[in-house]
Amino acid sequence: TWGGKFVQSIASMVADAQGSPVGEIIGRLGNASGARQVKEGCSDAALKTVYWCCAFSVNQHSTICDSFSDKQELDSVTKKPYPLCDCKARKYGHGNLCETNKFQDVMA
C-alpha cells in the first residue's frame with residue numbers, strides 16, 4: 001500500500017521468493033549487515049526470482065499524471081481532490097511508447 005514503508009515491500013518480495021514469513025525478513029533489513037545476511041541466506045532460486053514493482057517500472061509522467069481516468073479522485077482523509085501534475089511531458093496512451101498497456105504481456 002502507499003502507506004507502507006519501502007522496506008516492507010522489499011521484505012515481502014524476499015520472503016515470497018524464499019518461502020519465509022515476512023516477519024523473519026523485515027527486522028533484518030534495517031541495516032547493511034542484516035541485509036547482507038538475508039542475501040547470503042537466499043537460495044539460488046530465490047536470488048533469480050523476478051518481481052515487477054510498478055513504482056519503479058512505470059513513468060507516470062508519460063501516461064496519466066495530468067488527468068483522471070473517469071472522475072476526479074478525492075483524498076480519503078482530506079476529502080479534497082488530488083492535485084494534477086502540470087508537467088509538459090508528452091503522454092502515450094497506446095502504442096510502443098506507452099508503458100501502461102502491456103500488463104498482460106508482463107504477466108504472461
*Asks:* Rounded to the nearest 0.5 Å, what's the gap from CD1 on I25 to CG on D16? Could you check?
*Replies:* 11.0 Å

*Asks:* Between the side chain of E24 and the main-chain N/O of P21, is any donor-acceptor distance below 3.5 Å?
*Replies:*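 Looks like no, no N/O pair under 3.5 Å.
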
*Asks:* Can you confirm whether V14 sits close enough to K39 that some side-chain heavy atom of one is under 4.5 Å from a side-chain heavy atom of the other?
*Replies:* no

*Asks:* For Q18 and V38, run side chain to side chain contact (heavy atoms under 4.5 Å, CB included): C-alpha distance rounded to whole Å, both residues' side-chain angles, the deciding distance at 0.1 Å, then the answer.
*Replies:* CA-CA 10 Å; Q18 288 185 203; V38 168; 4.1 Å; yes

*Asks:* Does N96 CG have over 12 foreign heavy atoms under 6.0 Å away?
*Replies:* no

*Asks:* Between K80 and L74 (side chain of the first, backbone of the second, donor and acceptor by atom type, cut-off under 3.5 Å), is there such a pair?
*Replies:* no

*Asks:* Are the side chain of K91 and the backbone N or O of A89 linked by a donor-acceptor pair below 3.5 Å?
*Replies:* yes

*Asks:* What heavy-atom pair brings Y92 and C98 nearest, and what distance separates the two atoms?
*Replies:* O-SG, 3.2 Å

*Asks:* With rounding to the nearest 0.5 angstrom, report the SG to NZ distance, C42 to K48.
*Replies:*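 Going from SG on C42 over to NZ on K48, the span is 13.0 Å.
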
*Asks:* NZ of K88 to CG of D66: how many Å apart, nearest 0.5 Å?
*Replies:*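 Atom-to-atom, K88:NZ and D66:CG are 9.0 Å apart.
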
*Asks:* Can you measure from CD (Q37) to CG (L29) and round to the nearest 0.5 angstrom?
*Replies:*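 Answer for the CD-CG pair, Q37 versus L29, is 10.5 Å.
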
